[in-house]
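Predicted model, so just to flag it, every value in this text is computed and none were measured.
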Amino acid sequence: MSKIVVFFLILVTCLLIIEMIFMYKLARLIAIFLNRFRYIGNGQIHLKSLQKGQKAPLISAINQYQEKINILSESYKILLFKDLNCGTCKEITKQLENETLDLKDNVEIIAIQREVQAINSSVSLIFSNEAFEDYNIENVPTIVIVNPGGTIYSINNKIGDYPDFIESIKEFINK
């Protein structure tokens, strides 16, 4: 009879440990979700978003050519957040594949998407769900320009077509 009691005690202990692990993981997910919001007063809650002048979240990834990409460098980084199913993103990607932009020496364009798909251009492409989360990207295409100091220079999520994209980065193109 004591073997049965010991067996049930071990079983209950194992179940409690599994439940505690589950609760811990659930609490972490809830904390991540709640950290996306901020209270601005008068009972209003808004999604957190990055603002011009804030430190840019670090992205350290490997591009399609197996080169390490680092946001903190001596050049401006134009981050183009895009999606495979977005028509505007497809148009911008196609234009970037077909023509080479004459960018200033200290500027680099980096396309960021969630799904893996090759791109044939001089534009670096990285695949990162974390970058979308860290930069709180809700709409695509979105352009985030990071200056050499690692702060956000500008953010634009109102891009309707390729000319809008060019207009957003025109100060970084040689005339």
Side-chain angles (χ1 to χ4, degrees), residues 1-75 77-90 92-93 108-119 123-159:
M1 177 145 170
S2 66
K3 288 182 181 180
I4 294 175
V5 172
V6 170
F7 171 76
F8 280 114
L9 284 175
I10 292 172
L11 181 66
V12 168
T13 304
C14 290
L15 289 174
L16 283 174
I17 291 172
I18 291 170
E19 183 179 353
M20 289 173 60
I21 292 170
F22 174 76
M23 294 299 287
Y24 171 76
K25 293 204 179 260
L26 182 62
R28 287 199 56 206
L29 288 173
I30 291 170
I32 290 169
F33 173 75
L34 291 176
N35 281 333
R36 291 182 164 253
F37 300 97
R38 65 185 165 115
Y39 179 73
I40 60 169
N42 298 331
Q44 295 181 351
I45 297 174
H46 286 281
L47 279 173
K48 285 183 181 177
S49 61
L50 294 174
Q51 303 294 323
K52 181 179 178 178
Q54 284 183 316
K55 279 291 194 192
L58 295 178
I59 298 175
S60 186
I62 305 293
N63 69 6
Q64 77 270 31
Y65 305 116
Q66 303 304 312
E67 300 167 338
K68 186 170 173 126
I69 301 296
N70 191 351
I71 294 300
L72 296 177
S73 67
E74 299 301 318
S75 63
K77 303 290 184 190
I78 299 173
L79 307 177
L80 171 62
F81 289 90
K82 63 190 202 81
D83 188 78
L84 290 176
N85 300 319
C86 164
T88 304
C89 300
K90 287 178 185 178
I92 292 171
T93 301
E108 180 183 359
I109 296 177
I110 302 171
I112 303 171
Q113 65 187 36
R114 295 173 192 218
E115 305 89 5
V116 175
Q117 179 197 24
I119 181 174
V123 175
S124 291
L125 176 65
I126 59 176
F127 310 102
S128 175
N129 283 322
E130 293 82 22
F132 274 81
E133 292 172 14
D134 292 345
Y135 280 79
N136 298 322
I137 301 300
E138 299 294 326
N139 306 352
V140 289
T142 295
I143 296 174
V144 178
I145 301 175
V146 179
N147 70 17
T151 58
I152 296 176
Y153 181 79
S154 71
I155 299 174
N156 184 357
N157 63 357
K158 294 172 178 50
I159 301 165

How long is the span from the [atom1] atom in [X] to the [atom2] atom in [Y], to the nearest 0.5 Å?
| X | Y | atom1 | atom2 | answer |
| --- | --- | --- | --- | --- |
| S128 | L79 | OG | CG | 10.5 Å |
| L80 | I145 | CG | CD1 | 10.5 Å |
| N139 | N156 | CG | CG | 10.5 Å |
| Y153 | N147 | OH | CG | 8.5 Å |
| E108 | E74 | CD | CD | 13.0 Å |
| I18 | T13 | CD1 | OG1 | 11.0 Å |

Problem set entry | N/O donor-acceptor pair under 3.5 Å between Y65 side chain and S124 backbone |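 The answer is no, because no donor-acceptor pair under 3.5 Å joins these two groups.
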Exercise. Is a side-chain N or O of K55 found less than 3.5 angstrom from the main chain of G149, in a donor-acceptor match?
Worked result: yes
Do [X] and [Y] touch side chain to side chain, with heavy atoms closer than 4.5 Å?
| X | Y | answer |
| --- | --- | --- |
| I59 | D134 | no |
| V144 | K77 | no |
| I159 | I92 | yes |

Exercise. More than 12 non-hydrogen atoms from neighbouring residues, nucleotides or ligands closer than 6.0 Å to CD on E19, yes or no?
Worked result: no
Nearest heavy-atom pair of [X] and [Y]: which atoms, and what distance?
| X | Y | answer |
| --- | --- | --- |
| I152 | I155 | CG2-CG1, 3.6 Å |
| L125 | Q64 | N-OE1, 2.6 Å |
| D83 | V140 | CB-CG2, 3.7 Å |
| Q113 | L84 | NE2-CD2, 3.7 Å |

Exercise. For the residue pair F132 and F81, does the interplanar ring angle fall in the parallel (under 30°), tilted (30 to 60°) or perpendicular (over 60°) class?
Worked result: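 F132 vs F81 ring planes: perpendicular.
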Exercise. K82 pairs by side-chain hydrogen bond (donor to acceptor under 3.5 Å, both in side chains) with which of T88, T93, T142?
Worked result: T93
Problem set entry | Step-by-step side-chain contact (heavy atoms from CB on, under 4.5 Å) determination, I62 to K68 | CA-CA 5 Å; I62 305 293; K68 186 170 173 126; 4.2 Å; yes
